[in-house]
Number of protein chains: 2
Amino acid sequence: MENIQNLLSHHQIKPSYTRMVIFRYLRDNHTHPTVDEIYQALAEELPTLSKTTVYNTLKLFIDHHLVREINLKEQKRYDVVTTPHAHFKCDRCDELYDVEIAPPSLDEKSSELFVVRDVQLLYHGVCRKCQKTT
Amino acid sequence: MENIQNLLSHHQIKPSYTRMVIFRYLRDNHTHPTVDEIYQALAEELPTLSKTTVYNTLKLFIDHHLVREINLKEQKRYDVVTTPHAHFKCDRCDELYDVEIAPPSLDEKSSELFVVRDVQLLYHGVCRKCQKTT
DNA sequence: TATAGAATTGTAATGATTACAAATTTATAA
DNA sequence: TTATAAATTTGTAATCATTACAATTCTATA
Ligand SMILES: [Mn+2]
Ligand SMILES: [Mn+2]
Ligand SMILES: [Zn+2]
Ligand SMILES: [Zn+2]
């Protein structure tokens, strides 16, 4: 918790208790959780927690580049790992796996046209577990 | 229109007039339109057109691999070009540009785990036009 | 012309996200 | 300490693209 306090401060985020707890959850659960999953998981520890606060806090983390947002078509997921990597979404079980492939840079021609701020490389299909269960 | 009729038939889709008009719009407008844009554009030619029909028809095209769906966080876009390519979304003007980069295949290790059905490579940032206007 | 099936339509429901104002907590100054 | 301002958190309502679904219209065939 000490670490988290320093990390948030370092990124110009006032380390409120709520913020630290939310960040700790993301640090300790690399499951690419949804807002609702975060909210449900912390509701016991923070009985007055509001879902709006989860939204607000995640937006704050994202603005300060501590967390990345993954826009799936169903809902948003959150990832505390901000280094470039891809994801695999299983359409059967909805799990979102990390894939250690760096998204390719723009080709020369496109680089002249576009200033890239973010890249998302997302694979869809069926995961190992779900292949076995037909 | 003759061509479209054949194309749809060839893909086991009964070429109703509505379907042909919707397909023609996609063929002639490679702008990655939204459902609403398609609906608005065709409302004059097809005065009784329903937005549900646009949704239904696009789903049909997608199921038959004639069209691809691009899931942006705001709303879905549709692309009649089904060959592998990437997209650049300008966060200023919301335009979605084609980028001729093929999404990378899974690495060997991941290939053992996942069966891929679809890949999406999406860049975000600011386009040329919007860079000029500050 | 009658009937079945397919296609289209209109309306209501869904659900994640956002907007926003009220309430609470925390920091700052008198 | 006490008062005041600012920041944080909360609860509720609004938004809006998408889906569900039943009713209607159209089409093909006997
Ligand atoms: Mn990840
Ligand atoms: Mn395209
Ligand atoms: Zn799975
Ligand atoms: Zn632009």
Side-chain angles (χ1 to χ4, degrees), chain A residues 4-5 8-9 11-25 32-64 66-79 89 91 94 96, chain B residues 4-5 8-9 11-25 32-64 66-79 89 91 94 96:
Chain A
I4 293 174
Q5 186 167 352
L8 295 187
S9 298
H11 285 259
Q12 334 297 342
I13 295 172
K14 198 179 290 188
S16 75
Y17 186 62
T18 305
R19 288 169 178 173
M20 291 196 289
V21 170
I22 291 176
F23 190 87
R24 183 180 59 190
Y25 179 81
H32 310 99
T34 64
V35 161
D36 196 63
E37 283 166 352
I38 298 168
Y39 172 74
Q40 298 297 339
L42 302 179
E44 200 172 344
E45 180 172 3
L46 303 173
T48 69
L49 182 64
S50 152
K51 205 176 275 188
T52 300
T53 299
V54 179
Y55 275 106
N56 291 342
T57 304
L58 289 170
K59 183 175 187 333
L60 188 72
F61 290 166
I62 289 161
D63 289 347
H64 290 76
L66 274 172
V67 166
R68 291 191 52 163
E69 201 169 51
I70 304 164
N71 290 296
L72 301 187
K73 87 172 142 185
E74 297 82 11
Q75 74 290 302
K76 298 180 175 181
R77 309 265 197 130
Y78 297 90
D79 195 343
K89 157 98 189 307
D91 290 322
D94 285 346
L96 191 66
Chain B
I4 294 174
Q5 187 168 352
L8 296 187
S9 299
H11 285 259
Q12 334 297 340
I13 295 172
K14 197 181 288 186
S16 75
Y17 185 62
T18 306
R19 288 169 179 172
M20 292 196 289
V21 170
I22 291 176
F23 190 87
R24 184 179 59 191
Y25 180 81
H32 308 102
T34 63
V35 162
D36 197 63
E37 283 165 353
I38 298 168
Y39 172 74
Q40 298 296 339
L42 302 179
E44 199 172 341
E45 181 172 2
L46 303 174
T48 69
L49 182 64
S50 152
K51 208 176 273 188
T52 300
T53 298
V54 180
Y55 276 106
N56 291 343
T57 305
L58 289 169
K59 184 176 185 331
L60 187 72
F61 290 166
I62 289 162
D63 289 346
H64 290 76
L66 274 174
V67 165
R68 291 190 52 162
E69 199 169 54
I70 304 164
N71 289 296
L72 301 187
K73 84 174 148 188
E74 298 83 11
Q75 74 290 302
K76 299 180 175 182
R77 309 267 196 129
Y78 297 89
D79 195 344
K89 158 96 189 308
D91 291 324
D94 285 346
L96 190 65

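Everything numeric here is computed off the predicted structure, so don't read it as measured data. Chain A is the first sequence line, chain B the second, and so forth, proteins listed ahead of strands; every chain is numbered from 1.
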Tell me: [atom1] of [X] to [atom2] of [N], nearest whole Å?
X: A/N56; N: C/dT17; atom1: CG; atom2: C1'; value: 11 Å
X: B/Q40; N: D/dA17; atom1: CD; atom2: P; value: 11 Å
X: A/D63; N: D/dT8; atom1: CG; atom2: P; value: 13 Å
X: A/K59; N: D/dT9; atom1: NZ; atom2: C1'; value: 16 Å
X: A/L46; N: D/dG11; atom1: CG; atom2: P; value: 12 Å
X: A/L49; N: D/dT10; atom1: CG; atom2: P; value: 5 Å
X: A/L58; N: C/dA16; atom1: CG; atom2: P; value: 15 Å
X: B/R77; N: D/dT18; atom1: CZ; atom2: P; value: 11 Å

Checklist entry - Between the main-chain N or O of A/I4 and the side-chain N or O of A/R24, is there a donor-acceptor pair closer than 3.5 Å? => result no
Next on the checklist: Any side-chain to backbone donor/acceptor pair from A/Q40 onto A/E37? Under 3.5 Å, distance only.
Outcome noted: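 No: the side chain of A/Q40 does not pair with the backbone of A/E37.
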Checklist entry - Under the criterion salt bridge (charged side-chain N to carboxylate O under 4.0 Å, His left out), which of A/K73, A/K89, A/R77 is the partner of A/D94? => result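 When A/K73, A/K89, A/R77 are each tested with A/D94, the salt bridge (charged side-chain N to carboxylate O under 4.0 Å, His left out) holds only for A/K89.
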OP1, OP2 of [N] versus side-chain N and O of [X]: anything below 4.0 Å?
X: A/S50; N: D/dT9; answer: no
X: B/T53; N: C/dT9; answer: yes
X: B/T52; N: C/dT9; answer: no
X: B/S16; N: C/dT8; answer: yes

[options]: which one has an atom nearest the side-chain heavy atoms of [X]?
X: B/V35; options: D/dT18, C/dT9, C/dC20; answer: D/dT18
X: B/K76; options: D/dT18, D/dT12, D/dT9; answer: D/dT18
X: A/Q75; options: D/dT10, C/dA16, D/dT9; answer: C/dA16

If you look at every strand shown and take non-hydrogen atoms under 4.0 Å, does [X] touch a base, only sugar-phosphate, or nothing?
X: B/K14; answer: sugar-phosphate
X: B/T48; answer: sugar-phosphate
X: B/T18; answer: sugar-phosphate

Item to check | Of B/V54 and A/D36, the one whose closest DNA chain C nucleotide lies more 5' | outcome: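 It is B/V54, whose closest nucleotide lies nearer the 5' terminus.
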Checklist entry - Does the side chain of B/Y25 come within less than 4.5 Å of B/L42's, by heavy atoms? => result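 In contact.
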Item to check | A/F23: partners by ring-ring contact (aromatic ring centres under 6.0 Å, His included), with sequence neighbours left out | outcome: A/F61
